[in-house]
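My structure is below; once you've seen it, I'll send some questions.
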Amino acid sequence: DTQAPTVPTGVQTEILTAGSAKISWTCSTDDVKGVKYRVTINATTTTTSYCQITITNLVPGSTQQVTVRAVDTSNNTSALSTPVTLTMPYDTTAPTQVPSVTAAAASTTSVTVKWNAASDDVKVDGYLVFADGASTPIAKVGAATRQFTAKSLIPGTTHTYTMVSYDTSGNRSVASTAARATTPLA
């Protein structure tokens, strides 16, 4: 087989979120079965067997150049499709409120705060831990973290904790429901 597949045509983009998009095109034809597609967005190429693909982890507010080419099982390659520009919207959506925040004394001088993951249309980047109604967080932790221990507390005192999630664009959720814990007396 020396015949290349036809050039993919009609490349279209559909924004799904501020960080993801669906790219589709008219399927190529070839004299043998088994055409695959190489979708190139800027300098990154992804291969698929379908006439569409969903791309994630795109940078909100960025612009990409998209091309598609077909490759058959004999590695014959079509010419590139006509380039299409994909402009991602800016992310203005805040993550969800941090769910299931709890606090419990870990010792006479420490409290452990735990929570479940928040979600976001692009990506949660981390969490801010606030104590006792302060406007400045006592800790900033990564997105994979699910607990924080506040230390150097005075025995026999009650503390209230709230959580705020933030995404890669700096959007912040509303504060979580407060969780309260009292350190035992020494």
Side-chain angles (χ1 to χ4, degrees), residues 13-24 37-50 52-66 86-184:
T13 62
E14 176 186 349
I15 304 297
L16 301 176
T17 68
S20 66
K22 181 172 96 173
I23 301 165
S24 60
Y37 300 92
R38 292 183 187 152
V39 181
T40 302
I41 299 178
N42 291 343
T44 303
T45 301
T46 304
T47 302
T48 182
S49 298
Y50 304 100
Q52 68 177 27
I53 190 168
T54 298
I55 304 293
T56 59
N57 297 320
L58 296 168
V59 177
S62 65
T63 299
Q64 278 71 230
Q65 198 72 327
V66 179
L86 170 64
T87 301
M88 300 305 298
Y90 286 95
D91 178 16
T92 58
T93 304
T96 60
Q97 183 180 43
V98 181
S100 306
V101 178
T102 62
S107 73
T108 58
T109 60
S110 65
V111 169
T112 298
V113 181
K114 295 182 179 181
W115 60 91
N116 288 338
S119 60
D120 188 62
D121 63 332
V122 178
K123 180 182 176 185
V124 171
D125 202 30
Y127 300 93
L128 302 173
V129 183
F130 293 86
D132 301 322
S135 60
T136 302
I138 60 169
K140 181 177 183 178
V141 297
T145 303
R146 294 292 175 270
Q147 70 177 36
F148 170 79
T149 301
K151 299 178 180 177
S152 301
L153 304 174
I154 297 170
T157 56
T158 299
H159 299 277
T160 303
Y161 298 92
T162 56
M163 303 289 305
V164 170
S165 56
Y166 60 92
D167 64 18
T168 53
S169 295
N171 300 309
R172 290 185 177 192
S173 72
V174 297
S176 68
T177 301
R180 188 173 286 202
T182 302
T183 55

Shortest non-hydrogen contact between S107 and P184, atoms and distance
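The answer is O-CD, 3.4 Å.
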Distance from L86 atom CG to L58 atom CG, nearest 0.5 Å?
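The CG atom of L86 sits 6.5 Å away from the CG atom of L58.
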Please name all residues satisfying side-chain hydrogen bond (donor to acceptor under 3.5 Å, both in side chains) with S173, sequence neighbours left out, ordered by chain then number.
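Partners of S173 under the side-chain hydrogen bond (donor to acceptor under 3.5 Å, both in side chains) test: S165.
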Measuring from atom CZ of R38 to atom OG1 of T46, what distance do you get when rounded to the nearest 0.5 angstrom?
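R38 CZ to T46 OG1: 12.0 Å, rounded to 0.5 Å.
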Contacts table for residues 134-152: side-chain donor-acceptor under 3.5 angstrom, sequence neighbours left out:
residue: R146; atom: NH1; partner: A143; partner atom: O; Å: 2.6
residue: R146; atom: NH2; partner: A143; partner atom: O; Å: 3.4
residue: T149; atom: OG1; partner: T112; partner atom: OG1; Å: 3.1

Separation of N171 CG from D91 CG (nearest 0.5 Å)
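Output value for this atom pair is 5.0 Å.
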Minimum heavy-atom separation for D167 to P95, with atom names?
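Minimum heavy-atom separation between D167 and P95: N-CG, 3.7 Å.
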Any donor-acceptor N or O pair under 3.5 Å, side chains R180, T160
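Checked: R180/T160 side chains pair up, N/O donor to acceptor below 3.5 Å.
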Among residues at least two apart in sequence or on other chains, which ones pass ring-ring contact (aromatic ring centres under 6.0 Å, His included) with Y37?
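If we apply the ring-ring contact (aromatic ring centres under 6.0 Å, His included) test to Y37, skipping adjacent residues, the hits are W25.
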Listed by chain and number, what are the side-chain hydrogen bond (donor to acceptor under 3.5 Å, both in side chains) partners of N42, not counting sequence neighbours?
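So N42 forms no side-chain hydrogen bond (donor to acceptor under 3.5 Å, both in side chains) with any residue.
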Please walk me through it: do T102 and W115 pass side chain to side chain contact (heavy atoms under 4.5 Å, CB included)?
CA-CA 6 Å; T102 62; W115 60 91; over 6 Å; no
Side chain to side chain contact (heavy atoms under 4.5 Å, CB included) between I41 and I23, intermediate numbers included
CA-CA 10 Å; I41 299 178; I23 301 165; 3.5 Å; yes
side-chain contact (heavy atoms from CB on, under 4.5 Å) with S100: which residues, sequence neighbours excluded?
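Scan of S100 (side-chain contact (heavy atoms from CB on, under 4.5 Å), adjacent residues dropped) gives N116.
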List the residues meeting side-chain hydrogen bond (donor to acceptor under 3.5 Å, both in side chains) with T56, not counting sequence neighbours, and say none if there are none.
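Counting only residues at least two positions away or on another chain, T56 forms no side-chain hydrogen bond (donor to acceptor under 3.5 Å, both in side chains).
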Please report the interatomic distance OG(S20) to CD1(I55), rounded to the nearest 0.5 Å.
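Separation between the atoms: 10.0 Å.
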How would you list, by chain and number, every residue that makes a side-chain hydrogen bond (donor to acceptor under 3.5 Å, both in side chains) with T108, sequence neighbours excluded?
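Result, side-chain hydrogen bond (donor to acceptor under 3.5 Å, both in side chains) vs T108: none returned.
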Could you pull out every donor-acceptor pair under 3.5 Å between side chains of residues 119-127 and any protein atom, sequence neighbours left out?
residue: D120; atom: OD2; partner: V122; partner atom: N; Å: 3.1
residue: D120; atom: OD2; partner: K123; partner atom: N; Å: 3.0
residue: Y127; atom: OH; partner: A118; partner atom: N; Å: 3.0

Is the shortest heavy-atom distance from the side chain of R172 to the side chain of L128 under 4.5 Å?
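When only atoms from C-beta onward are counted, L128 and R172 do touch, with a gap below 4.5 Å.
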With a 4.5 Å limit on heavy-atom distance, are the side chains of S62 and Q64 in contact?
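Answer yes - side chains close enough.
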Without swapping roles, check the side chain of S176 against the backbone of M163 for a donor-acceptor pair under 3.5 Å.
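Indeed, once roles are kept as given, a pair shorter than 3.5 Å links the two residues.
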List in chain and number order the residues that pass salt bridge (Lys or Arg N to Asp or Glu O under 4.0 Å) with K22, two or more places apart in sequence or in another chain; answer none if no residue qualifies.
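Partners of K22 under the salt bridge (Lys or Arg N to Asp or Glu O under 4.0 Å) test: E14.
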For S49, all residues meeting side-chain contact (heavy atoms from CB on, under 4.5 Å), sequence neighbours excluded:
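side-chain contact (heavy atoms from CB on, under 4.5 Å) check on S49 returns K36.
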Which residues share a side-chain contact (heavy atoms from CB on, under 4.5 Å) with T183, sequence neighbours left out
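Partners of T183 under the side-chain contact (heavy atoms from CB on, under 4.5 Å) test: V111, L153, T157.
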Just jot down the side-chain contact (heavy atoms from CB on, under 4.5 Å) partners of P89, sequence neighbours excluded, or say none.
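Checked P89 against side-chain contact (heavy atoms from CB on, under 4.5 Å); matches are I15, A18.
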